[in-house]
Amino acid sequence: MKTLQPFNPLTLKLSFCLAIVLSWGCSARAVPEPQYLPVSGLLDIVKDFQRLAREDVYRFPIPKDITGINIMKATLVRLEDYEKKNPGQFSDILHFSKATAYERLREYDQAVAHYRKVAESDGRMGAEAVKNIEALESFQRILQKPLPIQDPLEYIKGLDEKVAAWNEIMRKYQGTPYEYLARVEEEKIDRAKVAFVELNRYRMKEGNQLVILGYSQLVTKHRQSKNLYRHLLDFGDFYALLAREYGLQNDPEGLGFDRETFDQFAKSALRLYTEVAQVDGILEKIEAQGKIEGLRGLTERMRRLNR
(Lines give C-alpha, C1' and ligand atoms only; values in the text may rest on other atoms or scores of the structure.)
Protein backbone atom coordinates (compact mmCIF):
# COMPACT_ATOMS: atom_id res chain seq x y z
CA MET A 1 0.00 0.00 0.00
CA LYS A 2 1.39 3.39 -0.98
CA THR A 3 1.75 6.07 1.68
CA LEU A 4 0.53 9.62 1.30
CA GLN A 5 3.09 11.79 -0.46
CA PRO A 6 4.48 15.01 1.04
CA PHE A 7 2.98 18.32 -0.10
CA ASN A 8 4.54 19.62 -3.30
CA PRO A 9 4.39 23.40 -3.90
CA LEU A 10 4.43 22.81 -7.64
CA THR A 11 1.00 21.18 -7.45
CA LEU A 12 -0.52 24.26 -5.77
CA LYS A 13 0.97 26.64 -8.28
CA LEU A 14 -0.17 24.55 -11.25
CA SER A 15 -3.70 24.47 -9.88
CA PHE A 16 -3.64 28.25 -9.63
CA CYS A 17 -2.58 28.45 -13.28
CA LEU A 18 -5.15 25.91 -14.49
CA ALA A 19 -7.61 28.40 -15.95
CA ILE A 20 -4.91 30.10 -17.99
CA VAL A 21 -3.18 26.92 -19.13
CA LEU A 22 -6.33 25.17 -20.32
CA SER A 23 -7.24 28.14 -22.48
CA TRP A 24 -4.23 27.63 -24.73
CA GLY A 25 -4.90 25.69 -27.91
CA CYS A 26 -2.86 22.98 -29.46
CA SER A 27 -0.54 23.79 -32.32
CA ALA A 28 -1.52 22.31 -35.67
CA ARG A 29 2.09 21.79 -36.75
CA ALA A 30 2.69 18.14 -37.61
CA VAL A 31 5.82 16.39 -36.34
CA PRO A 32 7.04 12.87 -37.14
CA GLU A 33 7.46 11.50 -33.60
CA PRO A 34 4.51 11.24 -31.15
CA GLN A 35 6.64 12.17 -28.14
CA TYR A 36 7.17 15.62 -29.69
CA LEU A 37 3.52 16.34 -30.43
CA PRO A 38 2.46 19.82 -29.22
CA VAL A 39 0.45 20.00 -26.01
CA SER A 40 -2.30 22.31 -24.88
CA GLY A 41 -0.33 23.84 -22.04
CA LEU A 42 2.15 23.43 -19.24
CA LEU A 43 -0.33 21.56 -17.04
CA ASP A 44 -0.75 18.89 -19.71
CA ILE A 45 3.02 18.33 -19.65
CA VAL A 46 3.54 18.04 -15.90
CA LYS A 47 0.29 16.65 -14.48
CA ASP A 48 1.20 12.97 -14.99
CA PHE A 49 4.92 13.63 -14.73
CA GLN A 50 4.60 15.02 -11.20
CA ARG A 51 2.68 11.96 -10.05
CA LEU A 52 5.01 9.45 -11.68
CA ALA A 53 8.14 11.31 -10.58
CA ARG A 54 7.49 10.21 -7.00
CA GLU A 55 7.54 6.50 -7.86
CA ASP A 56 10.17 4.31 -6.18
CA VAL A 57 12.97 4.20 -8.77
CA TYR A 58 14.80 1.53 -6.75
CA ARG A 59 11.97 -1.00 -6.89
CA PHE A 60 10.42 -0.04 -10.23
CA PRO A 61 11.74 1.07 -13.64
CA ILE A 62 11.15 4.71 -14.59
CA PRO A 63 7.55 4.84 -15.87
CA LYS A 64 6.69 5.33 -19.53
CA ASP A 65 4.29 7.95 -20.86
CA ILE A 66 1.36 7.16 -23.17
CA THR A 67 3.73 6.99 -26.15
CA GLY A 68 5.94 4.39 -24.44
CA ILE A 69 8.81 6.81 -23.86
CA ASN A 70 10.70 7.20 -20.56
CA ILE A 71 8.57 9.82 -18.78
CA MET A 72 11.60 11.78 -17.51
CA LYS A 73 13.25 12.03 -20.93
CA ALA A 74 9.96 12.80 -22.67
CA THR A 75 9.10 15.52 -20.17
CA LEU A 76 12.46 17.23 -20.66
CA VAL A 77 11.86 17.35 -24.41
CA ARG A 78 8.35 18.72 -23.96
CA LEU A 79 9.45 21.33 -21.43
CA GLU A 80 12.14 22.55 -23.81
CA ASP A 81 9.58 22.78 -26.60
CA TYR A 82 7.14 24.68 -24.37
CA GLU A 83 9.85 27.08 -23.24
CA LYS A 84 10.81 27.90 -26.82
CA LYS A 85 7.19 28.63 -27.74
CA ASN A 86 6.42 30.56 -24.55
CA PRO A 87 9.61 32.40 -23.52
CA GLY A 88 9.60 33.84 -20.02
CA GLN A 89 6.37 32.16 -18.89
CA PHE A 90 6.27 30.11 -15.65
CA SER A 91 10.07 29.91 -15.56
CA ASP A 92 10.15 28.66 -11.95
CA ILE A 93 7.78 25.79 -12.77
CA LEU A 94 9.82 24.92 -15.86
CA HIS A 95 13.12 24.86 -13.98
CA PHE A 96 11.66 22.94 -11.01
CA SER A 97 10.18 20.31 -13.33
CA LYS A 98 13.41 19.99 -15.30
CA ALA A 99 15.37 19.60 -12.08
CA THR A 100 13.03 16.85 -10.91
CA ALA A 101 13.39 14.98 -14.19
CA TYR A 102 17.18 15.30 -14.17
CA GLU A 103 17.51 14.04 -10.59
CA ARG A 104 15.34 10.99 -11.33
CA LEU A 105 17.68 10.29 -14.27
CA ARG A 106 20.56 10.67 -11.77
CA GLU A 107 21.97 13.68 -13.61
CA TYR A 108 22.55 15.47 -10.34
CA ASP A 109 24.71 18.34 -11.62
CA GLN A 110 22.05 19.46 -14.06
CA ALA A 111 19.32 19.03 -11.46
CA VAL A 112 21.16 21.27 -9.01
CA ALA A 113 21.70 23.90 -11.70
CA HIS A 114 17.96 24.14 -12.38
CA TYR A 115 17.02 24.12 -8.69
CA ARG A 116 19.42 27.04 -8.17
CA LYS A 117 17.53 29.08 -10.75
CA VAL A 118 14.31 28.45 -8.84
CA ALA A 119 15.94 29.31 -5.52
CA GLU A 120 17.27 32.60 -6.94
CA SER A 121 13.89 33.69 -8.33
CA ASP A 122 12.28 34.56 -4.95
CA GLY A 123 9.22 32.58 -6.02
CA ARG A 124 7.01 30.45 -3.78
CA MET A 125 8.92 27.31 -4.80
CA GLY A 126 12.29 28.67 -3.74
CA ALA A 127 12.31 27.12 -0.26
CA GLU A 128 11.57 23.66 -1.66
CA ALA A 129 14.32 24.10 -4.24
CA VAL A 130 16.82 24.99 -1.50
CA LYS A 131 15.97 21.78 0.39
CA ASN A 132 16.41 19.72 -2.75
CA ILE A 133 19.76 21.36 -3.49
CA GLU A 134 20.94 20.38 -0.01
CA ALA A 135 19.96 16.75 -0.63
CA LEU A 136 21.61 16.57 -4.04
CA GLU A 137 24.80 18.23 -2.85
CA SER A 138 25.15 15.41 -0.30
CA PHE A 139 24.76 12.98 -3.22
CA GLN A 140 27.49 14.78 -5.15
CA ARG A 141 29.91 14.67 -2.23
CA ILE A 142 29.64 10.89 -2.03
CA LEU A 143 29.90 10.37 -5.78
CA GLN A 144 32.87 12.69 -6.15
CA LYS A 145 34.90 11.18 -3.31
CA PRO A 146 37.89 9.48 -4.99
CA LEU A 147 38.63 5.80 -4.46
CA PRO A 148 42.16 4.51 -3.75
CA ILE A 149 43.34 2.48 -6.72
CA GLN A 150 46.80 1.30 -5.65
CA ASP A 151 45.76 -1.27 -3.05
CA PRO A 152 42.81 -3.64 -3.75
CA LEU A 153 41.96 -3.89 -0.05
CA GLU A 154 41.90 -0.10 0.28
CA TYR A 155 39.72 0.08 -2.83
CA ILE A 156 37.19 -2.29 -1.26
CA LYS A 157 37.36 -0.28 1.96
CA GLY A 158 36.60 2.89 -0.01
CA LEU A 159 33.55 1.23 -1.57
CA ASP A 160 32.35 0.14 1.87
CA GLU A 161 32.67 3.72 3.12
CA LYS A 162 30.49 4.91 0.26
CA VAL A 163 27.88 2.28 1.08
CA ALA A 164 27.84 3.53 4.67
CA ALA A 165 27.40 7.10 3.42
CA TRP A 166 24.46 6.10 1.21
CA ASN A 167 22.86 4.34 4.17
CA GLU A 168 23.08 7.58 6.14
CA ILE A 169 21.34 9.42 3.28
CA MET A 170 18.60 6.77 3.25
CA ARG A 171 17.92 7.23 6.94
CA LYS A 172 17.84 11.02 6.63
CA TYR A 173 15.40 11.06 3.71
CA GLN A 174 13.37 7.96 4.55
CA GLY A 175 10.07 7.79 2.68
CA THR A 176 11.04 10.39 0.06
CA PRO A 177 12.30 10.03 -3.52
CA TYR A 178 15.81 10.77 -2.23
CA GLU A 179 15.75 7.56 -0.21
CA TYR A 180 14.94 5.64 -3.41
CA LEU A 181 17.73 7.36 -5.33
CA ALA A 182 20.21 6.64 -2.53
CA ARG A 183 19.23 2.96 -2.66
CA VAL A 184 19.94 2.95 -6.39
CA GLU A 185 23.39 4.42 -5.78
CA GLU A 186 24.10 1.97 -2.95
CA GLU A 187 23.12 -0.94 -5.19
CA LYS A 188 25.56 0.26 -7.85
CA ILE A 189 28.38 0.19 -5.28
CA ASP A 190 27.41 -3.29 -4.08
CA ARG A 191 27.42 -4.55 -7.67
CA ALA A 192 30.77 -2.87 -8.33
CA LYS A 193 32.28 -4.69 -5.34
CA VAL A 194 31.24 -8.08 -6.75
CA ALA A 195 32.57 -7.14 -10.20
CA PHE A 196 35.91 -6.08 -8.71
CA VAL A 197 36.31 -9.35 -6.83
CA GLU A 198 35.31 -11.33 -9.93
CA LEU A 199 37.92 -9.57 -12.05
CA ASN A 200 40.63 -10.21 -9.45
CA ARG A 201 39.58 -13.64 -8.26
CA TYR A 202 42.80 -15.38 -9.36
CA ARG A 203 44.82 -12.94 -7.27
CA MET A 204 42.85 -13.75 -4.13
CA LYS A 205 42.84 -16.76 -1.88
CA GLU A 206 39.66 -18.76 -2.61
CA GLY A 207 38.67 -16.09 -5.11
CA ASN A 208 35.85 -18.10 -6.68
CA GLN A 209 34.21 -18.66 -3.30
CA LEU A 210 34.50 -14.93 -2.56
CA VAL A 211 32.68 -14.14 -5.82
CA ILE A 212 29.92 -16.63 -5.01
CA LEU A 213 29.58 -15.12 -1.54
CA GLY A 214 29.43 -11.62 -3.07
CA TYR A 215 26.67 -12.55 -5.49
CA SER A 216 24.73 -14.31 -2.73
CA GLN A 217 24.88 -11.20 -0.55
CA LEU A 218 23.93 -8.96 -3.50
CA VAL A 219 20.75 -10.85 -4.42
CA THR A 220 19.76 -11.19 -0.76
CA LYS A 221 20.29 -7.54 0.11
CA HIS A 222 18.62 -6.21 -3.05
CA ARG A 223 15.73 -8.64 -3.28
CA GLN A 224 13.33 -5.69 -3.72
CA SER A 225 15.34 -4.06 -6.51
CA LYS A 226 14.11 -3.76 -10.08
CA ASN A 227 17.54 -5.18 -11.03
CA LEU A 228 17.11 -8.42 -9.09
CA TYR A 229 16.64 -10.57 -12.19
CA ARG A 230 19.69 -9.01 -13.81
CA HIS A 231 21.72 -9.89 -10.72
CA LEU A 232 20.40 -13.48 -10.80
CA LEU A 233 21.38 -13.84 -14.46
CA ASP A 234 24.87 -12.50 -13.74
CA PHE A 235 25.18 -14.93 -10.83
CA GLY A 236 24.14 -17.77 -13.11
CA ASP A 237 26.65 -16.60 -15.72
CA PHE A 238 29.44 -16.91 -13.16
CA TYR A 239 28.49 -20.49 -12.35
CA ALA A 240 28.30 -21.25 -16.08
CA LEU A 241 31.78 -19.72 -16.47
CA LEU A 242 33.10 -21.99 -13.72
CA ALA A 243 31.60 -24.99 -15.53
CA ARG A 244 33.25 -23.99 -18.82
CA GLU A 245 36.58 -23.33 -17.14
CA TYR A 246 36.46 -26.71 -15.45
CA GLY A 247 35.86 -28.35 -18.84
CA LEU A 248 38.86 -26.51 -20.29
CA GLN A 249 41.15 -27.29 -17.38
CA ASN A 250 40.12 -30.95 -17.20
CA ASP A 251 39.74 -32.88 -20.45
CA PRO A 252 36.25 -34.46 -20.35
CA GLU A 253 37.61 -37.43 -22.36
CA GLY A 254 40.34 -38.05 -19.80
CA LEU A 255 40.40 -39.62 -16.36
CA GLY A 256 40.89 -36.33 -14.49
CA PHE A 257 37.44 -35.01 -15.32
CA ASP A 258 35.05 -35.25 -12.37
CA ARG A 259 31.52 -35.27 -13.73
CA GLU A 260 30.07 -34.45 -10.29
CA THR A 261 32.13 -31.25 -9.97
CA PHE A 262 31.10 -30.08 -13.42
CA ASP A 263 27.44 -30.86 -12.73
CA GLN A 264 27.56 -28.92 -9.48
CA PHE A 265 28.51 -25.74 -11.36
CA ALA A 266 26.09 -26.36 -14.22
CA LYS A 267 23.14 -27.14 -11.96
CA SER A 268 23.75 -24.02 -9.89
CA ALA A 269 23.68 -21.92 -13.05
CA LEU A 270 20.56 -23.72 -14.29
CA ARG A 271 18.76 -23.09 -11.00
CA LEU A 272 19.38 -19.33 -11.23
CA TYR A 273 18.45 -19.12 -14.91
CA THR A 274 15.25 -21.09 -14.26
CA GLU A 275 14.25 -18.77 -11.42
CA VAL A 276 14.32 -15.87 -13.88
CA ALA A 277 12.76 -17.76 -16.80
CA GLN A 278 9.70 -18.64 -14.72
CA VAL A 279 8.77 -14.99 -14.10
CA ASP A 280 6.33 -13.51 -16.61
CA GLY A 281 6.39 -9.93 -17.80
CA ILE A 282 10.09 -9.17 -17.26
CA LEU A 283 12.66 -8.21 -19.88
CA GLU A 284 15.13 -10.86 -18.70
CA LYS A 285 12.79 -13.83 -19.30
CA ILE A 286 13.73 -14.47 -22.94
CA GLU A 287 17.42 -14.01 -22.16
CA ALA A 288 17.18 -16.55 -19.35
CA GLN A 289 15.47 -19.07 -21.62
CA GLY A 290 18.28 -18.72 -24.16
CA LYS A 291 20.91 -19.22 -21.47
CA ILE A 292 19.16 -22.39 -20.29
CA GLU A 293 19.32 -23.87 -23.78
CA GLY A 294 22.99 -22.94 -24.11
CA LEU A 295 23.81 -24.51 -20.76
CA ARG A 296 21.94 -27.69 -21.64
CA GLY A 297 23.94 -27.91 -24.85
CA LEU A 298 27.22 -27.58 -22.92
CA THR A 299 26.13 -30.19 -20.37
CA GLU A 300 25.16 -32.69 -23.07
CA ARG A 301 28.47 -32.18 -24.86
CA MET A 302 30.42 -32.85 -21.68
CA ARG A 303 28.30 -35.91 -20.92
CA ARG A 304 28.98 -37.47 -24.31
CA LEU A 305 32.70 -36.71 -24.24
CA ASN A 306 33.03 -38.17 -20.74
CA ARG A 307 31.56 -41.57 -21.63
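- Tracing side-chain contacts under 4.5 Å through hydrophobic residues (I, L, V, M, F, W, Y), one reaches Met204 starting from Leu241; they form part of the same cluster.
- Annotation: side-chain hydrogen bond (donor to acceptor under 3.5 Å, both in side chains) contacts of His114 (sequence neighbours excluded): His95.
- Between the side chains of Gln110 and Tyr102, at least one donor N or O sits under 3.5 Å from an acceptor N or O.
- Contact annotation: the side chain of Leu79 approaches that of Val46 to within less than 4.5 Å [non-hydrogen atoms, C-beta and beyond].
- Residues passing the salt bridge (charged side-chain N to carboxylate O under 4.0 Å, His left out) test with Glu300 are Arg303, Arg304, sequence neighbours excluded.
- Taking the side chain as every heavy atom from C-beta outward, Leu147 and Lys162 approach each other to under 4.5 Å.
- Residues satisfying the salt bridge (charged side-chain N to carboxylate O under 4.0 Å, His left out) test with Glu275, not counting sequence neighbours, are Arg223.
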Show the numbers, then the answer: is there a side chain to side chain contact (heavy atoms under 4.5 Å, CB included) between Asn306 and Phe262?
CA-CA 11 Å; Asn306 190 237; Phe262 173 84; over 6 Å; no
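- Cluster membership for Leu305 and Tyr246, using ILVMFWY side-chain heavy atoms within less than 4.5 angstrom, is not shared.
- Every residue two or more places apart in sequence or in another chain that forms a side-chain hydrogen bond (donor to acceptor under 3.5 Å, both in side chains) with Lys193 is listed here: Asp160.
- With sequence neighbours excluded, the residues that form a salt bridge (charged side-chain N to carboxylate O under 4.0 Å, His left out) with Lys172 are Glu134.
- Under the side-chain hydrogen bond (donor to acceptor under 3.5 Å, both in side chains) criterion, Glu137 pairs with Arg116, sequence neighbours left out.
- The salt bridge (Lys or Arg N to Asp or Glu O under 4.0 Å) analysis of residues 232-241, with sequence neighbours excluded, yields the pairs Arg191-Asp234, Arg230-Asp234, Asp237-Lys291.
- Contact of the Gln140 side chain with the Asp109 side chain is registered, since non-hydrogen atoms from C-beta on lie closer than 4.5 Å.
- Under the 4.0 Å criterion applied to side-chain N and carboxylate O atoms, Glu103 and Lys98 are not assigned as salt-bridge partners.
- Proximity of Gln224 to Arg59: side-chain heavy atoms (C-beta onward) are separated by under 4.5 Å at one or more points.
- No hydrogens or angles considered: a donor-acceptor pair under 3.5 Å links the side chains of Asp190 and His222.
- The environment of NZ in Lys73 is sparse: at most 12 heavy-atom neighbours from other residues, nucleotides or ligands sit within 6.0 Å.
- Note on Arg106 versus Glu185: salt bridge recorded, some NZ/NE/NH1/NH2 to OD/OE distance being below 4.0 Å.
- The side-chain hydrogen bond (donor to acceptor under 3.5 Å, both in side chains) search around Glu186 returns Asn167, Lys221, not counting sequence neighbours.
- Residues meeting the ring-ring contact (aromatic ring centres under 6.0 Å, His included) test with Tyr273, sequence neighbours left out: none.
- Within the 4.5 Å cutoff, the side chain of Tyr115 has heavy atoms near those of the Leu136 side chain.
- In summary, Glu80 and Lys84 do not engage in a salt bridge, as defined by a charged side-chain N under 4.0 Å from a carboxylate O.
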Stepwise salt bridge (charged side-chain N to carboxylate O under 4.0 Å, His left out) test for Glu245 and Arg201
CA-CA 13 Å; Glu245 286 183 346; Arg201 59 195 170 103; 2.7 Å; yes
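- Between Lys145 and Glu161 there is a salt bridge, since a side-chain N of the basic residue sits under 4.0 Å from a carboxylate O of the acidic one.
- Side-chain atoms of Glu198 and Ile212, non-hydrogen and from C-beta on, never get closer than 4.5 Å to each other.
- The neighbour count for Leu255 CG, taken as heavy atoms of other residues, nucleotides or ligands under 6.0 Å away, does not exceed 12.
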Give every donor-acceptor pair under 3.5 Å between a side-chain atom in residues 265-272 and any protein atom, sequence neighbours left out.
| from | atom 1 | to | atom 2 | distance (Å) |
| --- | --- | --- | --- | --- |
| Ser268 | OG | Gln264 | O | 2.9 |

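- Asp280 pairs by the salt bridge (charged side-chain N to carboxylate O under 4.0 Å, His left out) definition with Lys285, not counting sequence neighbours.
- For the pair Leu105 and Leu76, the minimum side-chain heavy-atom distance is below 4.5 Å.
- Applying the ring-ring contact (aromatic ring centres under 6.0 Å, His included) definition to pairs two or more places apart or across chains, those involving residues 116-161 are Tyr108-Phe139, Phe139-Trp166, Tyr155-Phe196.
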